[in-house]
Number of protein chains: 2
Amino acid sequence: MNNRPLGIFDSGVGGLTVVREIMRRLPGESIVYFGDTARVPYGTKSAETIRRYSAQIADFLVAKKVKAIVVACNTASALALSSLRSKYDLPIIGVIEPACRRAAEVSSRNKIGVIGTEATVNSRAYPSAIKKISPRAIVAARACPLLVPLVEDGRLLGDITEAVLAEYLEDILKKRIDTLILGCTHYPLLTSAIKKVVGKKVTVVDSASAVVDALKKTLEERRLLSSPRASRRCRVFYVSDSPERFAKMGKRFLRAHFNGAVKKIDLMEERDV
Amino acid sequence: MNNRPLGIFDSGVGGLTVVREIMRRLPGESIVYFGDTARVPYGTKSAETIRRYSAQIADFLVAKKVKAIVVACNTASALALSSLRSKYDLPIIGVIEPACRRAAEVSSRNKIGVIGTEATVNSRAYPSAIKKISPRAIVAARACPLLVPLVEDGRLLGDITEAVLAEYLEDILKKRIDTLILGCTHYPLLTSAIKKVVGKKVTVVDSASAVVDALKKTLEERRLLSSPRASRRCRVFYVSDSPERFAKMGKRFLRAHFNGAVKKIDLMEERDV
């Protein structure tokens, strides 16, 4: 048993869909979350910048004595995971490989679609991860830059969101995919709208849910699960800007389970000290 | 005559609508532009953070020996202008006051609408600037968080953009405004779509164009205009991330006039040295 917290980070609020899954399936785990709200979005930034930001955040989480890190951001998983793994000894779990594994399992005809940010799609991380697991798979990827702003604006349903989704998904649906990976941790909040647009024949795979499978397996294998009673369980949320805005979003992502204790921290200042 | 360059900054590409106006009306002026593309958007960040970023950028421009600074970002104009003016001796011109002055001039019934980012609208900078110029004016403001992502995604026209605009503008149009200020330097690119939604009875005031009136007047008064022949005129664009992406956007904003010479610079590193 190991009651140290899990470290989870994202460029902003999106990683809270992963926190929601952890709270549901590993309720005894303590959590230190970092949302880089001062520097969101990562999806339009360069690979070098994303690697630098990810390393700063990992340093912060390691200083908080986390027992494992979940990179709950697809862009950072695509671009910074291997550099983080080479730097730290503790388990570091990204969102991409688990989602690809699940997609390969559920896909009936091996035709898999992926949607994500510009940076994630341009990195080609999903197609290459899927091909490693299932070499004959056909993968169609599409960048959807408006979906994060739509979620952050609270437009989880409605005509505008559906019109944007229909336009983004048109081309990959024409390729007759049978499975669609939501390659961005914001997108699970759009699941209802997405299912309406793709119809019942397409299975939607949510990377937030898949990553918790991988996390649970890793914690079990390395005997890092916390005591199930967890009387001292603790959840802390750090952001780099606008804690009030994060708390408002947190309620949207975690509903009643969000206690709203959000602290602001400046990673730059920390580095300067 | 003073052939030193003008310094212009924005959180990203939006300020290029101001550059476009300067190139058109003050063609002899040299320009040093800074787009904070690593930290865009400013519209969702806290006032304190926006002031810190603006001061870093002004330091950078002053080191480039600019003769005046145009804060071509509404969010920074709303939140950082007075702190910048108290710190530097050179003329510092924001976008808000010039746009309000022009709106007060053209408004027939003193009913003025303003659209902008969350941070700009929450700052109440437009209503208070308008009331100073025209105390009896009635001002209706509305935050439009999706418009910057729509512009950055190249959706300047079309059903989705018009549907979003119609929804955002519905309430302020009901208040029977006769003038609408585009309180964000990205929005001039949406002028056609906006005019279609608001109709001919509403005059659209573009802050990019109004700020160049104010800039020209200031340069004349202080005898800072450059030599009209300007054989040594020079335009340089700096960004904090993704110069390729900026160059692509630059072509959208400045069309044929954008020469694509974009340099990347890290303000944080500069500060650390």
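The sequence lines fix the lettering, A, B, ..., with proteins before strands; numbering per chain opens at 1. The model shown is predicted, which means the values in this text are computed figures rather than measured ones.
Of the two parts of A:Glu244, neither the backbone nor the side chain holds a non-hydrogen atom closer than 4.5 Å to a non-hydrogen atom of chain B. Both the backbone and the side chain of B:Pro149 have a heavy atom closer than 4.5 Å to some heavy atom of chain A. Only the side chain of B:Glu118 comes within contact range of chain A, judged by heavy atoms closer than 4.5 Å. In this structure, chain A has no heavy atom under 4.5 Å from any part of B:Val148.
Here A:Ile160 contributes atom CD1 and B:Glu162 contributes atom CD; the two are 11.5 Å apart, rounded to the nearest 0.5 Å.
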- prompt: Given the rule in the side-chain contact (heavy atoms from CB on, under 4.5 Å) test, do A:Asp159 and B:Glu167 qualify, once you have shown the distances and angles that lead to the verdict?
  reply: CA-CA 11 Å; A:Asp159 293 346; B:Glu167 201 199 285; over 6 Å; no

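Shown here is A:Lys87, whose NZ atom has more than 12 heavy atoms of other residues, nucleotides or ligands within 6.0 Å. Atom NZ of A:Lys175 is surrounded by 12 or fewer heavy atoms from other residues, nucleotides or ligands within 6.0 Å.
Taking every heavy atom of both residues into account, B:Thr37 and A:Lys45 meet most closely at O-CE, 4.5 Å.
The greatest number of non-hydrogen atom pairs below 4.5 Å with chain B, out of A:Ser46, A:Ser240, A:Ala143, A:Ser242, is found for A:Ser46.
The side-chain heavy atoms of A:Lys264 and B:Thr49, taken from C-beta on, include a pair separated by under 4.5 Å. By the 4.5 Å heavy-atom criterion applied to side chains, A:Pro41 and B:Pro41 are counted as neighbours.
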